[in-house]
Amino acid sequence: MELKIEAILAEKAGKACKELFGELPAEKQLQIQPTRKDFKGDYTLVVFPLTRLAGKSPEQTAEAIGEQLQKDCSFINSYNVVKGFLNLELTGAFWKDSFEKIFSREDYGFQAAAGDELPYLVEYSSPNTNKPLHLGHIRNNLIGYSVASILKANGHNVVKTNIVNDRGIHICKSMLAWQKWANGETPDSAGMKGDLLVGNYYVRFDKEFKKQVAGMLEQGMSEEEAGKKAPLMAEAQQMLKDWEAGKPEVLNLWEKMNSWVYKGFDETYRRLGVDFDKIYYESETYKHGRELVEKALKEKVLFTKENGSVWVDLRDEGLDEKLLLRADGTAVYMTQDLGTAVQRYEDNNGFESHIYVVGNEQNYHFQVLKIVLKKMGFDWSDKLYHLSYGMVELPEGKMKSREGTVVDADDLMDEMIKTARDMSEELGKLDGYTDQEKKKIYTQIGMGALKYFILKIDPRKNMTFNPRESVDFNGNTGPFIQYTHARIKSVLRKAREQGLSWEAEAGSGYGEPVALLDKEKELVKILLNFREVVSEAGLQFSPALIANYCYELVKEYNQFYHDHTILGEKDELQRKFRLRLSELTGRVINTGMGLLGIEVPDRM
RNA sequence: GGCUCCAUAGUUCAAUGGAUAGAAUAGCGGUUUCCUAAACCGUAGAUCCAGGUUCGAUUCCUGGUGGAGCUACCA
């Protein structure tokens with residue numbers, strides 16, 4: 001169990017204060033942070049908060065604490081004071097020892113599992129079965145999968161879950177359009193992925209519906225009225241009622257079309273590299289939701305309006321009234337989500353937390369969901385957490401399906417992999433590999449570029465997806481990181497070919513500690529931080545922290561690699577150390593990128 | 001109208017209330033007889049506005065301005 005260096009130093013500084021000034025400062029008064037690049041030192045104590053306690057100027061306070069610390073701690077080499085900042089420099093032996101400790105850990109970065117803990121549920125993806133997945137879904141899936149991986153790395157039990165929105169008026173629209181205009185077309189007959197085919201009929205419905213409305217407007221009807229009374233809409237609504245009533249023809253059609261969609265989704269999920277432990281279907285959970293609503297209605301938690309629709313009054317909470325069942329008795333989105341939440345709680349005998357990876361346009365929905373559950377008597381609704389991620393926009397603005405500006409998930413993946421192939425062929429580094437090996441590497445690079453491009457951004461923020469920039473493989477990109485990994489692997493391969501070894505010899509220790517060069521020390525520092533970054537990413541549900549860490553690590557390694565030779569180093573201890581440094585860097589890149597769902601090739 | 005979120009180089013992104021606000025990309029200029037140049041180095045360029053709290057504010061508070069989202073018997 002490695003202790004955070006900052007925590008150790010803070011504790012020591014606290015002791016020093018007690019000795020010097022007779023009082024132990026509060027924890028938050030002891031601020032230890034990495035020393036900024038332009039100053040000499042490794043860690044810095046900010047002494048401003050301590051000046052009152054010391055009754056001295058910042059400089060005097062820092063000086064006194066520095067002197068005391070150096071006396072007490074053998075691993076502090078020297079200190080210096082700049083204004084109110086006490087910069088501490090640790091000894092080379094300290095860094096060396098710390099490095100060897102983490103180097104010898106096979107699973108460095110992971111926290112041992114806490115066996116009996118209740119699971120963390122992570123819901124992500126949540127597709128509608130009426131159209132194929134697009135760029136927005138990609139962000140959702142990547143964040144969800146990565147957050148689940150990060151939580152696991154922090155020792156939590158994780159259940160990856162998905163709610164498939166497989167019923168509702170939107171599904172009926174595509175069914176209706178297929179019935180009317182498809183002439184029995186199937187994915188096989190059309191040679192098309194099932195989700196794409198169904199999506200086309202959803203679009204077709206919208207087009208025909210608009211035509212009807214336009215016609216009715218010409219006859220002098222208001223837009224709102226026309227929208228409600230258009231015959232196509234009425235047919236779709238009737239179909240939804242028939243579906244809830246269990247009418248066989250409707251159910252058969254529904255099952256047939258959904259099965260096409262699932263086949264298409266499975267393919268997309270497989271390519272994205274995401275999976276689920278348990279999938280829920282709205283067509284099953286909505287009933288549970290309706291029962292909950294009916295029960296709550298009896299308990300007078302909810303109320304009925306004169307047309308028979310069921311509502312919850314949230315005005316006491318500063319919100320509005322919210323519909324839970326339509327006048328015709330059919331369920332809405334909220335009804336289903338209530339049922340799903342309760343069912344999941346029961347299925348897992350409770351949970352530690354339930355994280356919903358859902359777009360920020362649904363902030364209101366989740367606010368309501370939590371309150372309604374609480375009103376219904378489910379105290380655990382506090383454990384629901386909406387990981388509200390921002391929208392993906394294109395440089396031209398929002399994606400609009402009607403205007404054909406939606407970026408299709410499959411198309412995008414194809415495009416990225418194709419770019420990776422073109423670029424690799426141009427560089428010619430994979431000459432001599434079989435087509436299958438090449439294809440695998442192109443896929444890894446293309447997908448790595450896509451995933452990293454999306455995950456490096458703070459999930460909570462809206463992001464702009466610029467297709468041109470996304471296929472740029474230089475700079476802060478996935479391929480840049482993958483490239484460094486491949487380079488490290490190449491060095492290690494060569495070292496092995498030359499019969500070199502760099503593992504510690506049993507019992508002999510590592511010999512006299514060699515003095516660390518600046519670049520080596522910086523690299524060690526960053527490597528030592530990894531565990532802490534994984535922990536923080538778990539607390540914040542933020543893959544971006546891992547992504548940015550990997551980039552920082554790789555950048556530092558590339559500088560080290562550029563400035564110092566590894567295999568050409570004459571001093572044996574030094575050479576072995578650099579090989580170990582390279583190996584661990586490679587391992588950490590592999591682990592870190594793995595937490596983002598990104599594979600790193602051994603050569604590229 | 002109400003509620004929520006956002007605003008940082010030309011552009012895309014960073015920065016637990018701490019020192020001279022970091023990167024990438026685009027621009028300009030360099031580095032390869034040597035472990036993978038998808039690399040490395042140099043140069044130039046930014047905190048929306050006005051107040052407030054603080055020893056110290058990109059960060060916290062108030063008020064503006066600009067943008068996004070929600071406020072559906074859609075999901």
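The chains referred to below are lettered A, B, ... by the order of the sequence lines, with proteins before strands, and numbering in each begins at 1. Just so it is clear, the values below take in all heavy atoms, side chains as well, and ignore hydrogens, waters and symmetry mates.
- For A:Arg493, counting side-chain heavy atoms from C-beta on, the closest listed nucleotide (B:rA68, B:rU36, B:rA75) is B:rU36.
- A sub-4.0 Å separation between OP1 or OP2 of B:rA75 and a side-chain N or O of A:Lys131 is absent.
- Using a 4.0 Å heavy-atom criterion, one finds that A:Asp166 contacts no nucleic acid atom at all.
- With distances taken from any side-chain atom of A:Ala486 to the nucleotides B:rA23, B:rU36, B:rA14, the minimum falls on B:rU36.
- Contact annotation: the side chain of A:His365 approaches that of A:Asp337 to within less than 4.5 Å [non-hydrogen atoms, C-beta and beyond].
- Nucleotides B:rU16 and B:rG10 are separated by 23 Å at their P atoms, to the nearest Å.
- Put simply, NE2 on A:His562 is 16 Å from P on B:rG30, counting in whole angstrom units.
- A:Phe453 and A:Phe465 have perpendicular rings, their planes meeting at more than 60° on a 0 to 90° scale where under 30° would count as parallel.
- In this structure, CD of A:Glu552 is placed 13 Å from P of B:rA24, rounded to the nearest angstrom.
- Taking a centre distance below 5.5 Å and an interplanar angle below 30 degrees as the stacking criterion, A:Phe39 stacks against the six-membered base ring of B:rA19.
- The aromatic rings of A:Phe366 and A:Tyr356 lie tilted to each other, with the angle between the two planes from 30° to 60°.
- Residue A:Ile169 is classed as a sugar-phosphate contact, given heavy-atom separations below 4.0 Å to backbone atoms only.
- Within the 4.0 angstrom heavy-atom criterion, no nucleotide atom of any strand lies near A:Leu325.
- Listed candidates were B:rA75, B:rA19, B:rC40. Nearest to the side chain of A:Phe480 is B:rC40.
- Look at CG on A:Asp38: it is 17 Å from P on B:rG18, rounded to the nearest Å.
- Checking B:rU11, B:rC35, B:rA23 against the side-chain heavy atoms of A:Glu469 singles out B:rU11 as nearest.
- Side-chain N/O atoms of A:Lys461 include one lying less than 4.0 angstrom from OP1 or OP2 on B:rA7.
- For B:rG69, neither phosphate oxygen OP1 nor OP2 lies less than 4.0 angstrom from any side-chain nitrogen or oxygen of A:Asn363.
- Nucleotides B:rC5 and B:rA19 have their P atoms positioned 27 Å apart, rounded to a whole Å.
- With B:rU36, B:rC35, B:rU20 as the candidates, the nucleotide lying closest to the side chain of A:Arg603 is B:rU36.
- When distances run from any side-chain atom of A:Asp320 to the nucleotides B:rG18, B:rU71, B:rA75, the shortest one goes to B:rU71.
- Residue contacts for A:Met604: at a heavy-atom cut-off of 4.0 Å it reaches a base atom on one of the strands shown.
- Nucleotides B:rG69 and B:rG27 have their P atoms positioned 33 Å apart, rounded to a whole Å.
- Checked against B:rA68, B:rA14, B:rA39, the side chain of A:Arg487 finds its nearest nucleotide in B:rA39.
- The listed nucleotides are B:rU20, B:rU36, B:rA39; the one nearest the side chain of A:Asn558 is B:rA39.
- Among B:rA19, B:rC74, B:rU71, the nucleotide with an atom closest to any side-chain atom of A:Lys83 is B:rA19.
- In summary, of the residues considered (A:Phe48, A:Tyr79, A:Phe39), a ring pair (Phe, Tyr, Trp, His ring centres under 6.0 Å) with A:Phe85 occurs for A:Phe48 alone.
- Computed from coordinates, the A:Lys37 NZ to B:rA21 P distance equals 16 Å when rounded to whole Å.
- Residue-level contact check: A:Pro49 touches the bases, meaning some heavy atom is under 4.0 Å from a base atom.
- Residues A:Tyr561 and A:Ile488 are not in side-chain contact: their nearest non-hydrogen atoms beyond the backbone lie 4.5 Å or more apart.
- For B:rA75, the OP1/OP2 oxygens have a side-chain nitrogen or oxygen of A:Arg326 closer than 4.0 Å.
- When every heavy atom of A:Thr129 is checked against every heavy atom of A:Asn258, the shortest pair comes out as OG1-OD1, 3.0 Å.
- Listed pair A:Gln33 / B:rU16 fails the phosphate criterion, with no side-chain N or O lying under 4.0 Å from OP1 or OP2.
- Comparing the P positions of B:rC60 and B:rC74 gives an interatomic distance of 39 Å, to the nearest angstrom.
- You can call A:Phe85 stacked on the base of B:rA19; the centres are under 5.5 Å apart and the planes sit within 30°.
- A 6.0 Å sphere centred on NZ of A:Lys489 holds no more than 12 heavy atoms belonging to other residues, nucleotides or ligands.
- Looking at which nucleotide of RNA chain B each of A:Lys305 and A:Arg36 is closest to, the 5′-most match is held by A:Arg36.
- Comparing atom distances between the A:Lys555 side chain and each of B:rC35, B:rC41, B:rA75 picks out B:rC41 as nearest.
- Side-chain N/O atoms of A:Lys456 include none lying less than 4.0 angstrom from OP1 or OP2 on B:rA23.
- A distance cut-off of 5.5 Å between ring centres, combined with a plane angle under 30°, leaves A:Tyr561 outside any stacking arrangement with the base of B:rA39.
- Spacing between B:rG29 and B:rG56 at atom C1', rounded to whole Å, works out to 39 Å.
- When side chains are defined from C-beta on, A:Leu232 counts as touching A:Glu208, because their heavy atoms get closer than 4.5 Å.
- When the C1' atom is used for both B:rA14 and B:rA24, the distance is 10 Å, rounded to whole Å.
- For the pair A:Leu323 CG and B:rU71 C1', the computed distance is 14 Å after rounding to whole Å.
- For the pair A:Glu361 and A:Arg52, both in contact range of RNA chain B, the more 5′-proximal nearest nucleotide belongs to A:Arg52.
- Between the side chain of A:Thr44 and the base of B:rA19, at least one donor-acceptor pair of N or O atoms lies under 3.5 Å.
- To the nearest whole angstrom, the two C1' atoms, one in B:rA44 and one in B:rA9, are 10 Å apart.
- As judged by a 4.0 angstrom heavy-atom cut-off over every strand, A:Gln362 is placed among the base-contacting residues.
- The OH-P distance, from A:Tyr452 to B:rU25, rounds to 12 Å in whole Å.
- Remark: P of B:rU36 and CG of A:Leu427 are 15 Å apart, rounded to the nearest angstrom.
- At most 12 heavy atoms of other shown residues, nucleotides or ligands fall within 6.0 angstrom of atom NZ in A:Lys287.
- Only the P atoms considered, B:rA46 is 29 Å distant from B:rU53, to the nearest whole Å.
- Rounded to whole Å, atom P of B:rG42 lies 10 Å from atom CG of A:Asp563.
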